[in-house]
Amino acid sequence: MTKNYQTEKTIQTCIIYVFMVIFALIAVVPIWLMLVNATRSTAQINEGITLIPSVYAFSNWKILTGRGFKLAVGFKNSLTISLLGTALCVYFSALVAYGIHIYNFKGKKILWNLIMMLIMLPASLSFIGFVQFMSKLHLTNSFIPLIIPSIASAGTVLFMKQYLESILSIELIEASRIDGAKEFMIFNQIVLPVIKPAMATQAIFAFVGSWNNFMTPFVLLSSTEKYTLPMLVQMLRGDIYRTEYGGIYLGIAVSLVPIIIFYIFMSRYIISGLTMGSVKE
């Protein structure tokens, strides 16, 4: 009986590992193909797919920089928008979630239902109205409409509230109030360290979403000096007769570097928060 159980457990483990390898390949192979294509010429890319890198990376870099691809400008603009937008999104979403979770006030259920309704509405539904509103405020060709609206993130508020309900002790807040701590001091010095893993998780999603955002900057920004990195990559397409795919792939590969660095930096906070354990009541 024990032998059959061990055999069955071994088979289940092998099946799990097989699926893990398959899913890992599904995630890694597209990225590897992109890196490989960044080292190939346009003619080689048109010939088909290969997993072996070529020797045209330097040529693609010349094409990349020779077509007005201002890497430093794109990095600066994208980092400014993404970092500020992510900071505002995570902090104020955590603040709203904390307020809804801790305080009892009139209209609390209405506010929560409104947030849930905003989650269900597609973002494209309000895009035209948002652009028209920014135009009336004379905020086009500015970073402001790309950063400030990040404060209102219904999905992040939902995630933060669910996390607070599972980990935050009400007794901890009450004890802090008895000790004379002010409300903002409680939030900034006690609550934020407790929800650091959730904030790091949402920061990764917010940063990636803001960094890869193309449509909103494309509609609002008109000056090439304010173009983000995805917009500069789009400019590499050229005309319909000649598109340098090698340069485009290299531009995409370069634009992914900050995302990888940001993920590595924020993931340590997720791991440290998980190993820290829960708060005792």
Side-chain angles (χ1 to χ4, degrees), residues 27 81-131 133-134 144-174 176 183-217 259 262-263 265-279 281:
I81 295 170
S82 299
L83 290 178
L84 292 178
T86 299
L88 291 176
C89 172
V90 173
Y91 180 82
F92 284 98
S93 296
L95 187 62
V96 171
Y98 172 77
I100 294 175
H101 176 58
I102 295 297
Y103 301 113
N104 291 318
F105 52 90
K106 290 184 179 180
K108 179 177 178 179
K109 290 185 178 180
I110 297 175
L111 177 61
W112 182 243
N113 291 332
L114 178 63
I115 292 173
M116 296 298 294
M117 184 182 70
L118 290 174
I119 294 174
M120 292 182 286
L121 292 176
S124 58
L125 194 65
S126 61
F127 184 73
I128 296 176
F130 172 74
V131 173
F133 183 55
M134 292 299 104
I144 293 176
L146 301 176
I147 297 174
I148 300 301
S150 302
I151 294 176
S153 177
T156 308
V157 172
L158 172 64
F159 182 88
M160 292 292 185
K161 184 177 182 297
Q162 298 301 320
Y163 190 84
L164 285 169
E165 289 178 352
S166 65
I167 199 171
L168 184 63
S169 171
I170 303 297
E171 285 75 8
L172 178 65
I173 306 300
E174 292 176 350
S176 301
E183 295 300 316
F184 270 101
M185 183 184 295
I186 294 173
F187 177 74
N188 291 322
Q189 298 185 12
I190 297 174
V191 176
L192 288 186
V194 172
I195 63 173
K196 192 182 291 184
M199 294 181 69
T201 302
Q202 290 304 303
I204 292 172
F205 289 124
F207 183 86
V208 172
S210 179
W211 185 273
N212 291 331
N213 186 14
F214 171 78
M215 182 56 65
T216 308
I259 295 177
F262 188 82
Y263 172 78
F265 177 76
M266 297 304 296
S267 61
R268 65 179 183 174
Y269 291 103
I270 300 174
I271 296 171
S272 64
L274 293 175
T275 56
M276 189 172 59
S278 60
V279 178
E281 297 187 4

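From a predicted model like this one, the values you see are computed outputs, not experimental measurements.
With contacts defined as side-chain heavy-atom distances shorter than 4.5 Å, the pair S210/I81 qualifies. For the pair L164/I102, no side-chain contact is recorded, criterion being any heavy-atom separation below 4.5 Å from C-beta on. S153 places none of its side-chain heavy atoms less than 4.5 Å from the side chain of F92. In this structure, the side chains of F159 and S93 stay at 4.5 Å or more apart for every pair of heavy atoms. Between L168 and I173 there is a side-chain heavy-atom pair separated by less than 4.5 Å. Looking at heavy atoms from C-beta onward, I144 lies out of side-chain contact with M134 at the 4.5 angstrom threshold. Within the 4.5 Å cutoff, side-chain heavy atoms of Y98 are placed close to those of I186.
Side-chain atoms of S150 come within 3.5 Å of backbone atoms of I147 as a donor-acceptor pair (strictly under, hydrogens ignored). Panel note: side chain N213, backbone G209; no donor-acceptor pair is recorded below 3.5 Å. Here the side chain of K161 pairs no donor or acceptor atom with the backbone of I100 at under 3.5 angstrom. Judged by distance alone, with hydrogens and angles left aside, the side-chain atoms of T86 form no donor-acceptor pair with the main-chain N or O of L83 at under 3.5 Å.
Within 6.0 Å of CZ on F184 lie no more than 12 heavy atoms contributed by other residues, nucleotides or ligands. Residue I110 places its CD1 atom among 12 or fewer non-hydrogen atoms of other residues, nucleotides or ligands, all under 6.0 Å distant. Within a 6.0 Å sphere centred on CZ of F127, other residues, nucleotides and ligands contribute more than 12 heavy atoms. Enclosure of atom CZ in F214 by more than 12 non-hydrogen atoms of other residues, nucleotides or ligands within 6.0 angstrom is indicated.
E183 is linked by a side chain to side chain donor-acceptor pair (under 3.5 Å) to Y103, R177, counting only residues two or more places apart in sequence or in another chain. Annotation: ring pair (Phe, Tyr, Trp, His ring centres under 6.0 Å) contacts of Y91 (sequence neighbours excluded): F187.
Heavy-atom minimum distance, P145 versus F130: O-CZ, 3.5 Å.
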Evaluate side-chain contact (heavy atoms from CB on, under 4.5 Å) for F262 paired with M266, printing each intermediate quantity in order. CA-CA 6 Å; F262 188 82; M266 297 304 296; 3.5 Å; yes
L158 vs W112, side-chain contact (heavy atoms from CB on, under 4.5 Å): CA-CA, chis, key distance, verdict: CA-CA 9 Å; L158 172 64; W112 182 243; 3.5 Å; yes
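If you take OG on S82 and CG on N212, they are separated by 8.5 Å, rounding to the nearest 0.5 Å. Note that the NZ atom of K196 and the CG atom of L192 stand 9.5 Å from one another [nearest 0.5 Å]. In this structure, CE on M116 lies 14.5 Å from NZ on K109, to the nearest 0.5 angstrom. The CE atom of M160 sits 8.0 Å away from atom OG1 of T201, with the distance rounded to the nearest 0.5 Å. Rounding to the nearest 0.5 Å places OG of S126 at 8.0 Å from CG of L121. With values rounded to the nearest 0.5 angstrom, K106 atom NZ is found 15.5 Å from L111 atom CG.
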